[in-house]
Amino acid sequence: MTTKLLLTLPMLAALPLAAQQTVVLAIGGHAGDMEVSAGAALARASRMGAKVVLLHLTLGENGHPRTSAADYAKQKREEAELAAKALGGEARFGLWTDASLRAGKETEEFVAQVIKDVKATHIITHWKNSIHPDHEAAYVIANHAALLAAVSGWKGVRSIVYAENWEDPEGFQPYLFVDTTADMDAWRKAVQCYEFLRGGVSAFPYLQFYEGLSMVRGAQARKRNAVAFDIDPMGKRRVAEVWP
């Protein structure tokens, strides 16, 4: 039986060196992905003293039914900057267009450089299975980039966790729970910087879904609100010194 763990991001970041700052890098396929799925946990991390960086590999500019991709790209970049500020973090942007993201040398080296530039200690990204190829690509890119960063000099990444996204459900199992009870207002302020979160762009009720999900995960964690993450199966192990 897998033991569920109630952890906060600072607890995940038990620093081996006291002088090394906790830096949480959230890598999303589109602007808005990490804010809506992991934003409350990012707000908490910032509030607890961590540096928070959101890297949007694409802007997700093809998702508006009435606005051109060029105009929506400009709008989403502005929205992403405001949302990052509301979470206490900063926004960075990839070079790729919506639905064009692919794992490979160019994308992985780009992200590896960001990891090294910001000195990321913890990475949040998409789960590996998704209905959106940009999300699946982000998972592969983030993991390969962390390895590239390590072999080229930055060995400070100590965890990679995967956010719970309604588009990435297959095989996702909540494993790490972050108490976000005190951070929901910051999360709401951040996500509502995006038009698609306020309504009118997509038929999917993003705000209601993730608010409800935070209460479900909170109940499981015995908190009012929580965000859940999964980790790679190899990390799901307990070593019993005495059994039974």
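We count residues from 1, following the sequence as given.
To the nearest 0.5 Å, atom CG of residue Asp33 and atom CG of residue Asp168 are 7.5 Å apart. Taken to the nearest 0.5 Å, the CD1 atom of Ile131 stands 4.5 Å off from the CD atom of Glu167. Rounding to the nearest 0.5 angstrom, the gap separating the OG1 atom in Thr125 from the NE2 atom in His135 is 9.5 Å. Atom CD of Glu81 sits about 11.0 Å away from atom CZ of Arg92, to the nearest 0.5 Å. The NZ atom of Lys236 lies 7.0 Å from the OH atom of Tyr175; values are rounded to the nearest 0.5 Å. Atom NZ in Lys76 sits 11.5 Å away from atom OG1 in Thr67 (nearest 0.5 Å).
In the hydrophobic clustering of this structure, Val201 groups with Val36; members are Ile, Leu, Val, Met, Phe, Trp, Tyr whose side-chain heavy atoms approach within less than 4.5 Å, directly or through other members. Criterion: ILVMFWY side-chain heavy atoms under 4.5 Å apart, direct or through other members. Under it, Leu25 and Phe110 are part of a common hydrophobic cluster. In the hydrophobic clustering of ILVMFWY residues, with side-chain heavy atoms under 4.5 Å counting as a link, Val178 and Leu213 come out apart. Under a hydrophobic-cluster definition in which Ile, Leu, Val, Met, Phe, Trp and Tyr are linked whenever side-chain heavy atoms come within less than 4.5 Å, directly or via other members, Val151 and Val114 are assigned to different clusters. Residues Leu57 and Val118 are members of one and the same hydrophobic cluster, defined by side-chain heavy-atom contacts under 4.5 angstrom among Ile, Leu, Val, Met, Phe, Trp and Tyr.
Although no hydrogens or angles enter the test, the distance criterion places no donor-acceptor pair under 3.5 Å between the side chain of Arg217 and the main chain of Met215. The backbone N or O of Asn62 lies less than 3.5 Å from a partner atom in the side chain of Asp98, making a donor-acceptor pair. Distance alone, capped at 3.5 Å, is enough to place a donor-acceptor pair between the Trp127 side chain and the Glu170 backbone. In this structure, Lys223 contributes its side chain and Gly218 its backbone to no donor-acceptor pair below 3.5 Å. Under the 3.5 Å distance criterion, the side-chain polar atoms of Thr107 are matched with a main-chain donor or acceptor of Arg102. Distance alone, capped at 3.5 Å, is enough to place a donor-acceptor pair between the Arg198 side chain and the Cys193 backbone. Lys189 contributes no side-chain N or O that, together with a main-chain N or O of Ala86, makes up a donor-acceptor pair within less than 3.5 Å. Distance alone, capped at 3.5 Å, is enough to place a donor-acceptor pair between the Thr121 side chain and the Val23 backbone. Looking at Arg44, its side chain does come within 3.5 Å of a backbone N or O of Asp179 through a donor-acceptor pair. Judged by distance alone, the side chain of Trp187 and the main-chain N or O of Glu35 form a donor-acceptor pair under 3.5 Å.
For NZ of Lys155, the number of neighbouring non-hydrogen atoms (other residues, nucleotides, ligands) closer than 6.0 Å is greater than 12. Atom CZ of Arg66 has more than 12 heavy atoms from other residues, nucleotides or ligands within 6.0 Å. Residue Lys51 places its NZ atom among more than 12 non-hydrogen atoms of other residues, nucleotides or ligands, all under 6.0 Å distant.
Closest of all the heavy-atom pairs between Ala40 and Asp183 is O-CB, 3.6 Å. Shown here for Val24 and Ala45, the closest heavy-atom pair between the two residues is CG2-CB, 4.2 Å. Of all the heavy atoms in Ala80 and Ala91, the pair that sits closest is O-CB, 3.9 Å. In terms of heavy-atom proximity, Ile27 sits nearest to Ala142 at CD1-CB, 3.9 Å. Here the shortest heavy-atom pairing between Ala146 and Ile123 reads CB-CD1, 4.1 Å. The nearest pair of heavy atoms linking Ala149 to Ile115 is CB-CG2, 3.8 Å.
Residues Asp232 and Tyr162 bring a donor and an acceptor atom of their side chains to less than 3.5 Å of each other. Side-chain contact check for His64 and Glu195: at least one donor-acceptor pair (N or O, by modelled atom type) lies under 3.5 Å. For the residue pair Glu108 / His144, a side-chain donor-acceptor distance below 3.5 Å is found, with atom types taken as modelled.
Contact annotation: the side chain of Glu136 never approaches that of His126 to less than 4.5 Å [non-hydrogen atoms, C-beta and beyond]. Side-chain contact between Arg77 and His56 is absent, with no heavy atoms from C-beta onward closer than 4.5 Å. With a 4.5 Å cut-off on side-chain heavy atoms, Ile231 and Leu176 count as touching. Taking the side chain as every heavy atom from C-beta outward, Phe196 and Val191 never approach each other to under 4.5 Å. Inter-residue side-chain proximity for Thr58 and Thr97 is flagged as unmet; no heavy-atom pair is nearer than 4.5 Å. Val161 has its side chain out of reach of His122: every pair of non-hydrogen atoms, C-beta onward, lies at least 4.5 Å apart. Side-chain contact check for His30 versus Leu101: every heavy-atom pair is 4.5 Å or farther apart.
Tyr206 and Phe204 have perpendicular rings, their planes meeting at more than 60° on a 0 to 90° scale where under 30° would count as parallel.
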> Checking side-chain contact (heavy atoms from CB on, under 4.5 Å) for the pair Arg224/Met184: CA distance, chi angles, key distance, verdict?
Replying inline: CA-CA 10 Å; Arg224 181 173 178 179; Met184 295 304 293; over 6 Å; no
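A salt bridge does not link Lys74 with Asp71: none of the charged nitrogens is closer than 4.0 Å to a carboxylate oxygen.
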